[in-house]
Amino acid sequence: MVEKSKNKFYITTPIYYVNDIPHIGHAYTTIIADAISRYKKLTGNEVFFLTGTDEHGQKIEKRAEAKGIKPIELADQVVGRFKNLWKALNISYDYFVRTTQSSHEKGVQKIFQKLKDKGDIYKGVYEGYYCVSCENFLSDDVPLEKEGNKTCPDCGKQAGKVSEECYFFKLSSYQKPLLDLYKKNPYFIRPKSRMNEIKSFVKQGLKDLSITRTTVKWGIPVPDDPDHSIYVWFDALHNYLTGIGYDWNPELYNKFWPPDIHLIGKDILRFHAVFWPAFLMAGGLTLPGTVFGHGWWLKDKTKISKSKGNALDPHVILNTFGTDPLRYFLLREIPLGLDGNFSHEGFIHRVNSDLANDLGNLVQRTLTMIHKYFSGNIIEMDEKNETDIKLKAEFVTCKDKVASFYEEFAINKALEETWVYINLVNKYLADNEPWKLAKDESKKKRLARILFQAAAAIRAIAYFIYPVMPESADKIWTLLGEDKSISDQSFAELEFEDFKPGQNIQRTEPLFPRVELKDFLKEEEKKMDYLTFDEFKKMDLRVGEIIKAEKVEGTQKLIKMEVDIGGETRQMISGIADTYEADDLVGKKPIVIVNLKPAVIHGIESQAMLLAAEMKDGSAIVPFFGDDVPTGSKVK
RNA sequence: GGCGGUGUAGCUCAGUCGGUUAGAGCAUACGGCUCAUAUCCGUAGUGUCGGGGGUUCAACUCCCUCCACCGCCA
């Protein structure tokens with residue numbers, strides 16, 4: 001095997017599923033990857049940064065059908081949205097791989113064939129519980145019911161046991177090699193806590209993996225057996241190979257393979273830390289250096305997801321603040337492995353305090369003084385005194401720390417350390433009081449020295465923040481009269497003294513404007529989807545009376561009720577058994593929405609819904625009217 | 001249930017091999033400055049270090065136990 005040449009760095013994000021629209025979670029992963037790759041370039045690496053989209057599967061097929069378009073058209077649309085977001089976020093990816101492109105499909109088929117010839121892929125029979133309505137196999141953890149059936153958790157219908165012919169990957173043979181890998185490379189899985197989880201998972205033993213489906217048409221066909229199509233993970237994971245030229249650009253492939261780091265969310269760690277290296281071992285390929293499972297951004301302490309409807313659209317923030325504050329916040333607020341809670345308060349606070357007050361204001365006050373007292377050009381100055389020398393020494397310390405933090409992907413710490421230095425420069429100005437010296441013509445050269453030192457420090461600061469805030473960093477260098485761009489400056493060779501007397505320094509508007517929370521929320525409000533009164537009127541809300549109530553067998557929360565809505569009764573299922581006993585509900589009068597589209601819940605039709613307050617722990621509290629309110633009264 | 005983790009200031013967290021008065025940032029209060037985006041600098045705090053027990057001259061740190069929360073277990 002050819003050893004990968006030094007100073008080549010290959011970094012990946014997951015490929016994002018085109019069933020989803022881009023949200024803050026996608027942005028987070030990709031921004032991390034961008035910051036790391038920019039840092040790696042500064043340290044003299046040639047970097048290849050791969051991202052892309054996962055476009056096959058039943059969900060895409062169905063969603064496209066619902067929209068009356070072809071799956072590939074749906075994919076094209078969503079790919080456009082991803083690419084636009086990456087552009088808005090200043091993401092410097094080198095290649096965007098799509099699982100529907102022929103280089104990928106051919107590559108996956110080739111690998112499939114190779115593993116089949118080798119005996120690591122074999123044809124067998126998959127047994128499982130299949131939901132006809134959802135056209136989907138249920139996951140193993142759905143409990144078995146008395147009659148030997150299972151209930152589909154998605155639609156509530158019965159799912160029967162079926163057998164399906166399919167191809168398996170011999171994952172079971174790779175238990176030992178995987179455990180050896182983890183032992184040999186303790187950094188294969190990061191953060192460390194995740195390594196333990198994966199190890200114990202693998203130690204429990206591995207079953208062979210079903211990697212094809214006959215029920216999914218929108219996928220890569222199995223070579224010589226086109227009734228079968230290759231299932232999601234075997235298809236998707238290989239993007240890391242096909243995206244770097246496997247089987248179509250040997251030069252590129254040989255230069256960069258294997259990946260130095262796969263950046264992923266913690267939810268897909270198992271696929272990347274178990275299945276993926278096993279596939280690669282089977283194919284006789286070199287393994288990646290690290291799989292890094294980062295945490296999630298939470299909203300109100302719960303995971304952001306499409307189904308919860310709490311997805312945060314990055315565009316709202318981008319429109320008000322621009323790219324860099326968002327990049328900064330996401331990378332500064334939490335260490336890579338941990339979850340973070342996203343709130344507008346937190347965001348505004350951090351950005352105002354760190355960017356507007358500390359950094360932005362430092363740049364502003366320094367450049368303003370240089371302009372005011374020297375017309376933007378410092379040429380002659382005194383020799384350095386003790387405080388000046390100290391400021392330079394602190395730069396050296398800071399540079400070392402920042403570099404080592406970036407090296408270990410502790411981006412938040414690299415930023416924190418940079419801010420220690422920013423505060424020192426602010427203090428340096430406070431201690432030396434240049435605005436007082438400016439009043440005394442004889443102290444002009446001392447004044448020049450102070451402002452020069454501050455400007456040199458700012459130049460260094462801009463360099464340190466470049467991986468995270470490239471736009472602002474470049475802007476600061478331009479303001480300081482630098483003619484080269486930051487990306488051309490090697491990290492190792494960065495010196496305090498690189499800042500030279502006579503550079504033409506420009507005036508500036510504030511780099512990061514302060515935004516007050518209430519102003520921002522006003523902006524947000526404009527984005528809200530208001531309901532018109534006519535739309536509200538469509539809702540038929542009435543005072544119902546519960547006539548019968550019983551707990552739904554085999555569920556924790558569901559209660560089945562008959563409710564009188566004024567001369568008519570409806571059947572209604574409600575998840576309130578946490579808080580209420582079925583018997584106590586009889587005779588109670590909740591608010592019921594009666595013209596909601598009926599839904600099937602746990603196999604039972606629900607023809608109405610009652611209104612309840614959702615508590616933090618997920619339980620529900622229902623408001624009831626007293627007996628003085630007639631059953632069937634309209635509520636509005 | 002099994003394995004792993006966490007619990008330290010109002011909030012978010014740091015605390016290396018046990019060793020002086022347990023730290024940082026934010027928030028709060030007061031003071032200073034006026035170059036700057038009401039910004040910047042300084043000062044001041046407050047802690048049963050989750051509870052209980054043990055080892056030790058000495059425990060946030062090691063051991064036992066209990067409690068609470070979290071993660072993983074296709």
Side-chain angles (χ1 to χ4, degrees), chain A residues 126 128 137-142 168-169 171-172 175 189 191-211 231-233 265-271 273-275 278 293 295-296 298 301-303 332-335 337-341 343 345-374 410 412-413 415-420 422-439 447 450-451 454-455 458 507-516 617:
Chain A
Y126 180 80
F137 279 98
L138 272 51
S139 89
D140 283 351
D141 52 15
V142 177
F168 284 91
F169 173 76
L171 187 62
S172 55
Q175 181 183 24
I189 297 163
K192 227 178 172 173
S193 52
R194 300 280 158 202
M195 176 62 108
N196 295 334
E197 289 177 5
I198 294 294
K199 263 190 194 165
S200 58
F201 172 76
V202 174
K203 275 182 189 159
Q204 282 174 35
L206 297 169
K207 285 197 276 181
D208 288 349
L209 206 62
S210 139
I211 54 166
Y231 192 54
V232 50
W233 284 106
K266 60 183 184 179
D267 49 333
I268 52 174
L269 189 63
R270 190 200 303 145
F271 306 104
V274 182
F275 302 170
W296 291 330
L298 311 174
K301 309 266 176 191
T302 55
K303 197 195 169 193
R332 168 65 181 83
E333 193 74 359
I334 51 168
L338 302 183
D339 293 348
N341 204 25
S343 71
E345 289 90 330
F347 179 82
I348 299 254
H349 189 259
R350 181 108 247 162
V351 164
N352 279 345
S353 159
D354 292 6
L355 296 184
N357 296 354
D358 293 348
L359 173 58
N361 183 56
L362 171 63
V363 173
Q364 182 80 354
R365 68 197 298 213
T366 307
L367 297 196
T368 306
M369 282 192 278
I370 291 176
H371 245 270
K372 217 164 167 177
Y373 308 142
F374 297 95
N412 66 317
K413 287 197 173 176
L415 291 170
E416 206 177 314
E417 208 51 53
T418 306
W419 256 257
V420 169
I422 289 172
N423 293 335
L424 286 171
V425 182
N426 268 323
K427 184 169 160 49
Y428 170 82
L429 290 177
D431 291 347
N432 282 290
E433 301 181 308
W435 49 90
K436 283 191 180 161
L437 299 179
K439 289 171 186 156
L447 172 63
I450 293 162
L451 296 177
I458 289 170
R507 239 170 227 265
T508 179
E509 292 299 303
L511 283 174
F512 306 102
R514 279 183 72 88
V515 175
E516 296 305 322
D617 62 4

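Below, chain A is the first sequence line, B the second, and so on; all start at residue 1. Computed from heavy atoms alone, side chains included, the values below leave out hydrogens, waters and symmetry copies.
The backbone N or O of A:W296 sits less than 3.5 Å from a side-chain atom of A:D339, completing a donor-acceptor pair. A:D208 places a side-chain N or O within donor-acceptor distance of the main-chain N or O of A:S172, the cut-off being under 3.5 Å.
Comparing B:U61 with B:U6, their C1' atoms are spaced 16 Å from each other, to the whole Å. With both ends at atom C1', the span from B:U21 to B:A68 equals 32 Å, rounded to whole Å. Taking atom C1' on both B:A22 and B:A29, the two are 23 Å apart, rounded to the nearest angstrom. Nucleotides B:C60 and B:C49, compared at atom P, are 7 Å apart to the nearest Å.
Ring centroids of A:W233 and A:F275 are separated by 6.0 Å or more, keeping the two rings apart.
Of all nucleotides listed (B:C41, B:C73, B:U37), B:U37 comes nearest to the side chain of A:R514. When each of B:C72, B:C41, B:C40 is scored by its nearest atom to the side-chain atoms of A:E197, the top-ranked nucleotide is B:C72. In this structure, the nucleotide among B:A74, B:U37, B:U39 sitting nearest to the side chain of A:F512 is B:U37.
OP1 or OP2 of B:A36 lies within a sub-4.0 Å distance of a side-chain N or O belonging to A:K372. At the phosphate of B:C26, neither OP1 nor OP2 sits under 4.0 Å from any side-chain N or O atom of A:H349. Checking the phosphate oxygens (OP1, OP2) of B:C73, no side-chain nitrogen or oxygen of A:Q204 falls inside 4.0 Å.
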* Structure fact -> Base-pair string, RNA chain B, Watson-Crick plus G-U, cut-off 3.5 Å on both distances, | for inter-strand, is (((((((..((((.....[...)))).(((((.......))))).....(((((..]....)))))))))))).
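Within the nucleic acid shown, A:P434 has no heavy atom closer than 4.0 Å to any nucleic acid atom. A:L269 comes within contact range of no nucleotide atom at all, as no heavy-atom separation falls under 4.0 Å.
Salt bridge A:K413/A:E416: absent, no basic N to carboxylate O contact under 4.0 Å.
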